[in-house]
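See structure below.
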There are 2 protein chains.
Amino acid sequence: MAKPGLNRQAYIDVAFDLIVESGVEKLSMRKVAGVLNVSAMAMYKHFPNKDALLAATLDEVIKRADVYPDDELDWPQWIEHVARGMYTALCEQSSWVPLLGSLQLGSQAITVTQSFVIKLNSAGFSIEQSLQAYFAVIQLVIGAACLNTSIKHHQHNLQETQIPEALEKLISTDQLEMGLPFLMQSLKAQLKNGAQN
Amino acid sequence: MAKPGLNRQAYIDVAFDLIVESGVEKLSMRKVAGVLNVSAMAMYKHFPNKDALLAATLDEVIKRADVYPDDELDWPQWIEHVARGMYTALCEQSSWVPLLGSLQLGSQAITVTQSFVIKLNSAGFSIEQSLQAYFAVIQLVIGAACLNTSIKHHQHNLQETQIPEALEKLISTDQLEMGLPFLMQSLKAQLKNGAQN
DNA sequence: ACCTGAACACCGTTCAAGT
DNA sequence: ACCTGAACACCGTTCAAGT
(Lines give C-alpha, C1' and ligand atoms only; values in the text may rest on other atoms or scores of the structure.)
Protein backbone atom coordinates (compact mmCIF):
# COMPACT_ATOMS: atom_id res chain seq x y z
CA MET A 1 0.00 0.00 0.00
CA ALA A 2 1.34 3.40 -0.97
CA LYS A 3 1.89 5.93 1.79
CA PRO A 4 2.87 9.20 0.14
CA GLY A 5 0.88 11.66 2.28
CA LEU A 6 1.32 9.72 5.48
CA ASN A 7 1.40 12.73 7.73
CA ARG A 8 0.34 13.59 11.23
CA GLN A 9 -3.28 14.06 10.21
CA ALA A 10 -3.51 10.56 8.72
CA TYR A 11 -2.75 9.04 12.14
CA ILE A 12 -5.25 11.34 13.82
CA ASP A 13 -7.99 10.40 11.35
CA VAL A 14 -7.39 6.69 11.87
CA ALA A 15 -7.30 7.10 15.65
CA PHE A 16 -10.56 9.05 15.45
CA ASP A 17 -12.30 6.30 13.48
CA LEU A 18 -10.99 3.51 15.68
CA ILE A 19 -12.15 5.35 18.80
CA VAL A 20 -15.62 5.91 17.37
CA GLU A 21 -15.76 2.19 16.64
CA SER A 22 -14.37 0.75 19.85
CA GLY A 23 -13.71 3.48 22.40
CA VAL A 24 -10.59 5.22 23.65
CA GLU A 25 -9.73 2.39 26.02
CA LYS A 26 -9.24 -0.06 23.14
CA LEU A 27 -6.97 2.16 21.09
CA SER A 28 -3.34 1.16 20.81
CA MET A 29 -0.42 2.50 18.87
CA ARG A 30 -0.05 -0.88 17.19
CA LYS A 31 -3.65 -0.83 15.92
CA VAL A 32 -3.38 2.65 14.40
CA ALA A 33 -0.12 1.70 12.72
CA GLY A 34 -1.64 -1.56 11.51
CA VAL A 35 -4.49 0.20 9.70
CA LEU A 36 -1.94 2.34 7.85
CA ASN A 37 0.36 -0.60 7.12
CA VAL A 38 3.19 1.01 9.00
CA SER A 39 5.31 -0.15 11.87
CA ALA A 40 4.17 1.12 15.25
CA MET A 41 7.41 2.99 15.68
CA ALA A 42 6.83 5.17 12.62
CA MET A 43 4.27 7.09 14.68
CA TYR A 44 6.90 8.23 17.12
CA LYS A 45 8.22 10.56 14.44
CA HIS A 46 4.96 12.50 14.67
CA PHE A 47 3.90 12.02 18.31
CA PRO A 48 6.29 11.73 21.25
CA ASN A 49 3.97 9.24 22.95
CA LYS A 50 0.47 7.84 23.04
CA ASP A 51 -0.93 10.68 25.13
CA ALA A 52 0.16 13.16 22.48
CA LEU A 53 -1.76 11.19 19.86
CA LEU A 54 -4.83 11.09 22.10
CA ALA A 55 -4.64 14.81 22.83
CA ALA A 56 -4.44 15.57 19.11
CA THR A 57 -7.38 13.27 18.43
CA LEU A 58 -9.45 14.89 21.19
CA ASP A 59 -8.80 18.23 19.54
CA GLU A 60 -10.11 16.72 16.31
CA VAL A 61 -13.26 15.63 18.15
CA ILE A 62 -13.81 19.16 19.41
CA LYS A 63 -13.19 20.55 15.94
CA ARG A 64 -15.68 18.17 14.29
CA ALA A 65 -18.29 18.73 17.00
CA ASP A 66 -18.60 22.24 15.58
CA VAL A 67 -20.53 23.63 18.50
CA TYR A 68 -20.82 27.20 17.31
CA PRO A 69 -24.41 28.30 16.89
CA ASP A 70 -25.80 30.99 14.70
CA ASP A 71 -24.31 34.27 15.82
CA GLU A 72 -27.69 36.00 15.71
CA LEU A 73 -28.91 34.15 18.78
CA ASP A 74 -29.05 36.17 21.96
CA TRP A 75 -26.50 35.23 24.59
CA PRO A 76 -28.65 32.90 26.73
CA GLN A 77 -29.65 30.85 23.70
CA TRP A 78 -26.10 30.98 22.44
CA ILE A 79 -24.72 29.54 25.71
CA GLU A 80 -27.35 26.84 25.86
CA HIS A 81 -26.62 25.85 22.28
CA VAL A 82 -22.88 25.62 22.87
CA ALA A 83 -23.33 23.70 26.12
CA ARG A 84 -25.74 21.27 24.50
CA GLY A 85 -23.44 20.76 21.52
CA MET A 86 -20.55 19.89 23.80
CA TYR A 87 -22.69 17.67 25.98
CA THR A 88 -24.14 15.81 23.00
CA ALA A 89 -20.71 15.27 21.46
CA LEU A 90 -19.34 13.97 24.75
CA CYS A 91 -22.27 11.63 25.34
CA GLU A 92 -21.96 10.23 21.81
CA GLN A 93 -18.28 9.57 22.29
CA SER A 94 -18.48 8.92 25.99
CA SER A 95 -15.26 6.94 26.10
CA TRP A 96 -13.46 10.29 26.10
CA VAL A 97 -15.02 11.34 29.39
CA PRO A 98 -12.58 9.46 31.62
CA LEU A 99 -9.67 11.25 29.94
CA LEU A 100 -10.92 14.82 30.05
CA GLY A 101 -9.12 15.47 33.31
CA SER A 102 -5.77 14.19 32.17
CA LEU A 103 -5.27 15.16 28.53
CA GLN A 104 -3.83 18.44 27.36
CA LEU A 105 -6.22 20.76 25.63
CA GLY A 106 -5.34 21.82 22.11
CA SER A 107 -5.94 24.71 19.80
CA GLN A 108 -9.58 23.88 19.11
CA ALA A 109 -10.43 24.08 22.80
CA ILE A 110 -8.85 27.50 22.93
CA THR A 111 -10.90 28.65 19.95
CA VAL A 112 -14.07 27.71 21.81
CA THR A 113 -12.91 29.61 24.89
CA GLN A 114 -12.24 32.73 22.87
CA SER A 115 -15.56 32.68 21.03
CA PHE A 116 -17.40 32.24 24.30
CA VAL A 117 -15.69 35.15 26.00
CA ILE A 118 -16.16 37.43 23.03
CA LYS A 119 -19.86 36.63 22.82
CA LEU A 120 -20.54 37.27 26.49
CA ASN A 121 -18.36 40.33 26.60
CA SER A 122 -20.27 41.92 23.73
CA ALA A 123 -23.49 41.09 25.57
CA GLY A 124 -22.46 43.27 28.50
CA PHE A 125 -20.49 40.97 30.78
CA SER A 126 -17.00 41.90 31.86
CA ILE A 127 -14.09 39.77 30.72
CA GLU A 128 -13.77 38.31 34.20
CA GLN A 129 -17.46 37.47 34.34
CA SER A 130 -17.33 35.93 30.88
CA LEU A 131 -14.40 33.71 31.74
CA GLN A 132 -15.99 32.62 34.98
CA ALA A 133 -19.20 31.79 33.14
CA TYR A 134 -17.19 29.82 30.59
CA PHE A 135 -15.47 27.74 33.25
CA ALA A 136 -18.79 27.15 34.98
CA VAL A 137 -20.34 25.93 31.72
CA ILE A 138 -17.41 23.62 31.03
CA GLN A 139 -17.66 22.22 34.54
CA LEU A 140 -21.35 21.54 34.10
CA VAL A 141 -20.88 19.89 30.72
CA ILE A 142 -18.09 17.65 31.96
CA GLY A 143 -19.94 16.80 35.14
CA ALA A 144 -23.16 16.09 33.28
CA ALA A 145 -21.41 13.86 30.76
CA CYS A 146 -19.63 12.09 33.60
CA LEU A 147 -22.87 11.41 35.44
CA ASN A 148 -24.63 10.43 32.24
CA THR A 149 -22.02 7.74 31.73
CA SER A 150 -22.18 6.26 35.19
CA ILE A 151 -25.81 6.88 36.01
CA LYS A 152 -27.16 3.49 35.08
CA HIS A 153 -25.11 1.79 37.77
CA HIS A 154 -26.03 4.41 40.29
CA GLN A 155 -29.67 3.90 39.40
CA HIS A 156 -29.33 0.19 39.96
CA ASN A 157 -27.84 0.66 43.40
CA LEU A 158 -30.11 3.46 44.51
CA GLN A 159 -33.29 1.56 43.85
CA GLU A 160 -32.53 -0.67 46.83
CA THR A 161 -32.68 2.34 49.13
CA GLN A 162 -35.46 4.43 50.59
CA ILE A 163 -35.17 7.20 48.02
CA PRO A 164 -38.50 7.15 46.23
CA GLU A 165 -39.57 6.95 42.66
CA ALA A 166 -38.96 10.66 42.18
CA LEU A 167 -35.49 9.49 41.36
CA GLU A 168 -36.65 7.58 38.34
CA LYS A 169 -37.91 10.67 36.64
CA LEU A 170 -34.71 12.54 37.36
CA ILE A 171 -32.45 9.79 36.10
CA SER A 172 -34.16 9.60 32.74
CA THR A 173 -33.94 13.38 32.54
CA ASP A 174 -31.25 14.97 30.49
CA GLN A 175 -28.34 15.44 32.88
CA LEU A 176 -27.59 18.86 31.48
CA GLU A 177 -30.97 20.02 32.74
CA MET A 178 -29.84 19.31 36.30
CA GLY A 179 -27.36 22.14 36.56
CA LEU A 180 -27.53 24.40 33.53
CA PRO A 181 -30.81 26.14 34.43
CA PHE A 182 -29.33 27.18 37.77
CA LEU A 183 -26.39 28.74 35.99
CA MET A 184 -28.48 30.52 33.37
CA GLN A 185 -30.72 32.01 36.01
CA SER A 186 -27.77 33.37 37.95
CA LEU A 187 -26.11 34.79 34.86
CA LYS A 188 -29.26 36.68 33.93
CA ALA A 189 -29.45 38.11 37.43
CA GLN A 190 -25.79 39.05 37.25
CA LEU A 191 -26.28 40.97 34.01
CA LYS A 192 -29.31 42.83 35.38
CA ASN A 193 -27.34 43.93 38.42
CA GLY A 194 -24.91 45.58 36.08
CA ALA A 195 -21.16 45.89 36.35
CA GLN A 196 -20.87 45.72 40.15
CA ASN A 197 -18.96 42.43 40.27
CA MET B 1 4.55 -13.94 55.93
CA ALA B 2 1.36 -15.16 57.61
CA LYS B 3 -1.92 -14.33 55.89
CA PRO B 4 -4.68 -15.38 58.24
CA GLY B 5 -7.09 -12.46 57.84
CA LEU B 6 -6.33 -11.93 54.18
CA ASN B 7 -9.80 -10.79 53.24
CA ARG B 8 -11.33 -8.42 50.78
CA GLN B 9 -10.55 -5.39 52.91
CA ALA B 10 -6.83 -6.19 53.03
CA TYR B 11 -6.63 -5.88 49.25
CA ILE B 12 -8.60 -2.64 49.32
CA ASP B 13 -6.32 -1.14 51.96
CA VAL B 14 -3.20 -2.01 49.99
CA ALA B 15 -4.71 -0.67 46.76
CA PHE B 16 -5.64 2.53 48.60
CA ASP B 17 -2.10 3.05 49.85
CA LEU B 18 -0.49 2.25 46.52
CA ILE B 19 -2.81 4.69 44.76
CA VAL B 20 -2.03 7.46 47.26
CA GLU B 21 1.65 6.81 46.59
CA SER B 22 1.68 6.49 42.82
CA GLY B 23 -1.76 7.18 41.36
CA VAL B 24 -4.51 4.99 39.96
CA GLU B 25 -2.81 4.68 36.59
CA LYS B 26 0.16 2.86 38.12
CA LEU B 27 -1.85 0.31 40.07
CA SER B 28 -1.75 -3.27 38.89
CA MET B 29 -3.16 -6.48 40.24
CA ARG B 30 0.34 -7.91 40.40
CA LYS B 31 1.59 -5.03 42.57
CA VAL B 32 -1.24 -5.35 45.10
CA ALA B 33 -0.69 -9.08 45.29
CA GLY B 34 3.05 -8.57 45.63
CA VAL B 35 2.68 -6.36 48.71
CA LEU B 36 0.61 -9.08 50.37
CA ASN B 37 2.95 -11.87 49.26
CA VAL B 38 0.18 -13.60 47.37
CA SER B 39 -0.13 -14.67 43.78
CA ALA B 40 -1.99 -12.23 41.58
CA MET B 41 -4.68 -14.79 40.94
CA ALA B 42 -5.63 -15.06 44.61
CA MET B 43 -7.36 -11.69 44.23
CA TYR B 44 -9.79 -13.06 41.70
CA LYS B 45 -11.49 -14.95 44.54
CA HIS B 46 -12.51 -11.58 45.98
CA PHE B 47 -12.87 -9.37 42.91
CA PRO B 48 -14.07 -10.54 39.50
CA ASN B 49 -11.68 -8.13 37.76
CA LYS B 50 -9.53 -5.06 38.22
CA ASP B 51 -12.42 -2.61 37.80
CA ALA B 52 -14.20 -4.23 40.74
CA LEU B 53 -11.12 -3.70 42.89
CA LEU B 54 -10.92 -0.07 41.77
CA ALA B 55 -14.62 0.53 42.43
CA ALA B 56 -14.27 -0.90 45.94
CA THR B 57 -11.19 1.25 46.56
CA LEU B 58 -12.99 4.38 45.32
CA ASP B 59 -15.75 3.64 47.80
CA GLU B 60 -13.08 3.46 50.50
CA VAL B 61 -11.82 6.89 49.38
CA ILE B 62 -15.31 8.33 49.73
CA LYS B 63 -15.71 6.70 53.12
CA ARG B 64 -12.42 8.07 54.45
CA ALA B 65 -13.08 11.54 53.01
CA ASP B 66 -15.83 11.78 55.62
CA VAL B 67 -17.49 14.80 54.11
CA TYR B 68 -20.37 15.11 56.54
CA PRO B 69 -20.38 18.42 58.32
CA ASP B 70 -21.91 19.29 61.66
CA ASP B 71 -25.64 18.77 61.41
CA GLU B 72 -26.36 22.07 63.11
CA LEU B 73 -25.23 24.06 60.08
CA ASP B 74 -28.01 25.60 58.04
CA TRP B 75 -28.54 24.08 54.63
CA PRO B 76 -26.47 26.50 52.51
CA GLN B 77 -23.44 26.08 54.76
CA TRP B 78 -24.07 22.34 54.87
CA ILE B 79 -24.04 22.05 51.08
CA GLU B 80 -20.94 24.17 50.73
CA HIS B 81 -19.15 22.09 53.34
CA VAL B 82 -20.05 18.80 51.64
CA ALA B 83 -19.09 20.13 48.21
CA ARG B 84 -15.79 21.44 49.48
CA GLY B 85 -15.01 18.19 51.26
CA MET B 86 -15.60 16.21 48.08
CA TYR B 87 -13.67 18.66 45.98
CA THR B 88 -10.71 18.70 48.36
CA ALA B 89 -10.61 14.91 48.53
CA LEU B 90 -10.71 14.64 44.74
CA CYS B 91 -7.99 17.23 44.25
CA GLU B 92 -5.75 15.50 46.78
CA GLN B 93 -6.19 12.19 45.03
CA SER B 94 -6.63 13.62 41.58
CA SER B 95 -5.64 10.43 39.80
CA TRP B 96 -9.18 9.21 40.50
CA VAL B 97 -10.73 11.98 38.42
CA PRO B 98 -10.28 10.29 35.04
CA LEU B 99 -12.14 7.23 36.32
CA LEU B 100 -15.16 8.91 37.88
CA GLY B 101 -17.18 8.51 34.73
CA SER B 102 -16.50 4.84 34.28
CA LEU B 103 -16.45 3.20 37.71
CA GLN B 104 -19.49 1.89 39.48
CA LEU B 105 -20.52 3.79 42.57
CA GLY B 106 -20.66 1.86 45.80
CA SER B 107 -22.52 1.95 49.10
CA GLN B 108 -20.65 4.95 50.46
CA ALA B 109 -21.69 7.08 47.50
CA ILE B 110 -25.29 6.15 48.16
CA THR B 111 -24.97 7.11 51.81
CA VAL B 112 -23.86 10.57 50.76
CA THR B 113 -26.80 10.87 48.38
CA GLN B 114 -29.26 9.95 51.09
CA SER B 115 -27.85 12.35 53.68
CA PHE B 116 -27.94 15.16 51.15
CA VAL B 117 -31.55 14.57 50.18
CA ILE B 118 -32.67 14.25 53.79
CA LYS B 119 -30.94 17.49 54.76
CA LEU B 120 -32.45 19.53 51.94
CA ASN B 121 -35.85 17.96 52.30
CA SER B 122 -36.01 18.91 55.95
CA ALA B 123 -34.98 22.43 54.99
CA GLY B 124 -38.11 22.80 52.88
CA PHE B 125 -37.12 21.51 49.44
CA SER B 126 -39.15 18.80 47.80
CA ILE B 127 -37.59 15.40 47.19
CA GLU B 128 -37.32 16.19 43.47
CA GLN B 129 -35.68 19.53 44.14
CA SER B 130 -33.29 17.96 46.62
CA LEU B 131 -32.21 15.26 44.20
CA GLN B 132 -31.77 17.74 41.41
CA ALA B 133 -29.66 19.93 43.67
CA TYR B 134 -27.60 16.90 44.65
CA PHE B 135 -26.88 15.99 41.04
CA ALA B 136 -26.03 19.60 40.27
CA VAL B 137 -23.56 19.69 43.16
CA ILE B 138 -21.95 16.42 42.10
CA GLN B 139 -21.62 17.72 38.55
CA LEU B 140 -19.95 20.87 39.76
CA VAL B 141 -17.57 19.00 42.05
CA ILE B 142 -16.53 16.58 39.32
CA GLY B 143 -16.23 19.31 36.72
CA ALA B 144 -14.22 21.53 39.07
CA ALA B 145 -11.87 18.70 39.99
CA CYS B 146 -11.50 17.84 36.32
CA LEU B 147 -10.60 21.39 35.39
CA ASN B 148 -8.33 21.74 38.39
CA THR B 149 -6.35 18.75 37.12
CA SER B 150 -5.93 19.95 33.57
CA ILE B 151 -5.84 23.66 34.10
CA LYS B 152 -2.08 24.12 34.12
CA HIS B 153 -1.80 22.94 30.53
CA HIS B 154 -4.74 25.05 29.51
CA GLN B 155 -3.10 28.03 31.17
CA HIS B 156 0.10 27.40 29.25
CA ASN B 157 -1.71 27.34 25.93
CA LEU B 158 -4.05 30.22 26.62
CA GLN B 159 -1.30 32.64 27.45
CA GLU B 160 -0.32 32.74 23.81
CA THR B 161 -3.73 34.10 22.88
CA GLN B 162 -5.41 37.48 23.11
CA ILE B 163 -7.30 36.69 26.30
CA PRO B 164 -5.92 39.13 28.80
CA GLU B 165 -4.42 38.82 32.20
CA ALA B 166 -7.84 38.60 33.81
CA LEU B 167 -7.41 34.92 33.10
CA GLU B 168 -4.45 34.65 35.41
CA LYS B 169 -6.50 35.63 38.42
CA LEU B 170 -9.25 33.18 37.52
CA ILE B 171 -6.92 30.26 36.99
CA SER B 172 -5.32 30.61 40.38
CA THR B 173 -8.81 30.85 41.86
CA ASP B 174 -10.37 27.84 43.49
CA GLN B 175 -12.22 26.07 40.69
CA LEU B 176 -15.16 25.33 42.95
CA GLU B 177 -15.77 29.07 43.24
CA MET B 178 -16.43 29.21 39.49
CA GLY B 179 -19.73 27.40 39.58
CA LEU B 180 -20.90 26.77 43.12
CA PRO B 181 -21.92 30.37 43.90
CA PHE B 182 -24.25 30.35 40.88
CA LEU B 183 -25.89 27.18 42.16
CA MET B 184 -26.26 28.40 45.73
CA GLN B 185 -27.85 31.62 44.59
CA SER B 186 -30.40 29.78 42.48
CA LEU B 187 -31.22 27.33 45.24
CA LYS B 188 -31.92 30.15 47.67
CA ALA B 189 -34.21 31.79 45.13
CA GLN B 190 -35.93 28.46 44.57
CA LEU B 191 -36.65 28.02 48.26
CA LYS B 192 -38.03 31.55 48.57
CA ASN B 193 -40.40 30.98 45.70
CA GLY B 194 -41.86 28.09 47.65
CA ALA B 195 -43.11 24.75 46.43
CA GLN B 196 -44.11 25.77 42.91
CA ASN B 197 -41.55 23.65 41.10
C1' DA C 1 16.51 11.14 7.15
C1' DC C 2 13.34 7.75 7.71
C1' DC C 3 11.59 3.17 8.82
C1' DT C 4 12.00 -1.50 10.71
C1' DG C 5 11.93 -5.75 13.70
C1' DA C 6 13.42 -7.57 17.76
C1' DA C 7 13.43 -6.93 22.40
C1' DC C 8 12.33 -5.09 27.15
C1' DA C 9 9.46 -4.65 30.80
C1' DC C 10 5.37 -4.76 31.76
C1' DC C 11 -0.15 -5.62 31.69
C1' DG C 12 -5.16 -8.41 32.80
C1' DT C 13 -6.84 -12.74 32.71
C1' DT C 14 -7.35 -18.01 31.76
C1' DC C 15 -6.61 -22.47 33.09
C1' DA C 16 -4.81 -26.86 34.29
C1' DA C 17 -2.52 -28.51 38.08
C1' DG C 18 -1.42 -28.83 42.65
C1' DT C 19 -2.73 -29.30 48.10
C1' DA D 1 -12.11 -25.04 48.76
C1' DC D 2 -8.31 -22.47 47.99
C1' DC D 3 -3.95 -21.11 45.86
C1' DT D 4 -0.29 -21.47 42.36
C1' DG D 5 2.77 -20.93 38.20
C1' DA D 6 2.90 -21.09 33.50
C1' DA D 7 0.95 -19.32 29.62
C1' DC D 8 -1.86 -16.32 26.41
C1' DA D 9 -2.62 -12.28 24.18
C1' DC D 10 -1.74 -8.17 24.51
C1' DC D 11 0.52 -3.26 25.85
C1' DG D 12 4.02 1.38 25.35
C1' DT D 13 8.46 2.29 24.35
C1' DT D 14 13.73 1.67 23.42
C1' DC D 15 17.24 0.83 20.39
C1' DA D 16 20.46 -1.01 17.23
C1' DA D 17 20.27 -2.02 12.61
C1' DG D 18 18.96 -1.44 8.07
C1' DT D 19 18.16 1.64 3.48
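Proteins get letters first, then strands, A, B, ... in listed order; numbering begins at 1 in each.
Between the P atom of D/dG5 and the CG atom of B/N37 lies a distance of 11 Å, rounded to the nearest Å.
Residues that satisfy the ring pair (Phe, Tyr, Trp, His ring centres under 6.0 Å) test with A/F116, not counting sequence neighbours, are A/W78, A/Y134. Among residues two or more places apart in sequence or in another chain, the side chain to side chain contact (heavy atoms under 4.5 Å, CB included) test is passed with A/Q185 by B/S186, B/A189. Scored by the side-chain hydrogen bond (donor to acceptor under 3.5 Å, both in side chains) test, A/E177 finds A/R84 as partners (sequence neighbours excluded). The side chain to side chain contact (heavy atoms under 4.5 Å, CB included) search around B/A136 returns A/F182, B/L183, not counting sequence neighbours. The ring pair (Phe, Tyr, Trp, His ring centres under 6.0 Å) search around A/Y87 returns none, not counting sequence neighbours.
With P as the reference atom, C/dA9 and D/dA9 are 23 Å apart, rounded to whole Å.
Counting only residues at least two apart or in different chains, side-chain hydrogen bond (donor to acceptor under 3.5 Å, both in side chains) contacts with residues 17-29 of chain B are absent. Applying the salt bridge (Lys or Arg N to Asp or Glu O under 4.0 Å) test to pairs two or more places apart or on separate chains, none has a residue in residues 72-83 of chain B.
With a 3.5 Å limit on both pairing distances and Watson-Crick or G-U wobble geometry required, the stems of 3 or more pairs in DNA chain C span C:4-8 with D:12-16, C:12-16 with D:4-8.
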Within the 4.0 Å limit for protein heavy atoms, which parts of nucleotides 6-19 of chain C are touched? Write it as a string from 5' to 3', B for base, S for sugar-phosphate only, - for none. -B---BBBBB----
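Residues A/L27 and A/L54 meet the side-chain proximity criterion, which asks for heavy atoms closer than 4.5 Å.
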